[in-house]
Amino acid sequence: METGLKGKRALVLGASKGLGFGIAQGLAEEGARVSLASRTMGGSKAAADKIGKDVLAFICDTGKVDQVDALVKDVTGALGGVDILVLNSGGPPPGKAQGVSSDQWRQSFEAMFVNLVRIADQLLPGMIERKFGRIISVISSGVIQPIPNLAISNAIRPALVGWGKTLASEVASSGVTVNAIAPGRIATDRLKQLDAANAERTGRSVEDVAKAARAGIPAGRYGEIEEFAAAAVFLASEKASFMTGSILRVDGGQISSTT
Ligand SMILES: NC(=O)c1ccc[n+]([C@@H]2O[C@H](COP(=O)([O-])OP(=O)(O)OC[C@H]3O[C@@H](n4cnc5c(N)ncnc54)[C@H](OP(=O)(O)O)[C@@H]3O)[C@@H](O)[C@H]2O)c1
């Protein structure tokens, strides 16, 4: 498939490892000019070097508004604009819905919603002017089927979906698409941490927790980062031009609902 991504300028957040890294790598393999960010320059640089010599590394903690604004300025300065924006960040701490402090809610909402939208808002005018843009949010299967003990994720990620769906209609006639990808369980460090936390909480071994989780996935296994990234590469491509306002599931059949 000809993706039309050669020369397109991409910015991927939360990309020193895991899903963000996989997406950055997938876009670079298709010839996009990729810039990536994470909370440390060392992490970003190592990831960029691993992908290829033309990949640009930046620092950006999505919880810090000054870093968010500096990122937009620096990436725009380096690339002249951004055609593909991947909104991704670290997952919030696991925990119940009860007893989350107001400070934790605010902090998570800033990092997982407010500042991501802030980046998109600054890059959108250029996309609209050029009549091409792709905004892709990495969300979670929890927006469709809330995941026990992940209350902050279950509560905040739907905001990104509601925003994206509304924005998709506003910019559809300008060649800008806005979509989200919902990972089920993809084998990353985050998943290892969640399995370990579940094991600790329930008094089981990590292997037992992982075995039970895999048993709940029709595919019988966790997904690979490359399998997730392939969906993002498609959404970023010119071929996905009539797909907007959607949530694409990459979950091995795990989410048991039709809507
Ligand atoms: N893997 C799954 O199965 C799965 C399922 C559902 C949802 N998700 C969600 O998808 C997102 C990515 O998950 P993942 O599995 O790739 O996680 P991961 O392996 O832990 O990687 C997270 C990435 O985000 C960066 N990061 C963490 N906190 C950040 C922050 N505040 N600002 C900017 N970058 C930050 C990390 O780099 P630094 O630490 O160097 O900053 C790293 O590059 C998370 O929000 C996660 O909750 C994942």
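Between D195 and K192 there is no salt bridge, since no side-chain N of the basic residue sits under 4.0 Å from a carboxylate O of the acidic one. Between K64 and D69 there is no salt bridge, since none of the side-chain N atoms of the basic residue sits less than 4.0 Å from a carboxylate O of the acidic one. Checked for salt-bridge contact, E238 and R134 miss the test: no charged N lies under 4.0 Å from a carboxylate O. Using a 4.0 Å cut-off between charged nitrogen and carboxylate oxygen, E170 and K165 do not count as a salt-bridge pair. Salt bridge annotation for K8-D83: absent, with no cationic side-chain nitrogen under 4.0 angstrom from a carboxylate oxygen. Look at D103 and R106 and you find a salt bridge, because one of the NZ, NE, NH1 or NH2 atoms lies within 4.0 Å of a carboxylate O, short of that distance. A salt bridge links K17 with D189; the closest basic N to acidic carboxylate O contact falls under 4.0 Å.
Side-chain contact, T202 with R204: a donor N or O sits under 3.5 Å from an acceptor N or O. No side-chain N or O of S141 forms a donor-acceptor pair with one of Q145 less than 3.5 Å apart. With hydrogens and angles left out, the side-chain atoms of R118 and N115 include no donor and acceptor closer than 3.5 Å. For the residue pair S44/S38, the side-chain donor-acceptor check at 3.5 Å is satisfied.
From D66, atom CG reaches atom CG of D61 across 9.0 Å, with rounding to the nearest 0.5 Å. To the nearest 0.5 Å, atoms CD (Q67) and CZ (R39) are separated by 10.5 Å. Taking CG of L11 as the start and CG of N88 as the end, the distance is 11.0 Å to the nearest 0.5 Å. Note that CG of L248 and CG of L235 are 5.0 Å apart. Values are rounded to the nearest 0.5 Å. To the nearest 0.5 Å, atoms CG (L36) and CG (L56) are separated by 8.5 Å.
Residue E129 qualifies as open at atom CD: its count of foreign heavy atoms under 6.0 Å is 12 or below.
Listed here is the closest heavy atom pair of A97 and W105: O-CZ2, 4.4 Å.
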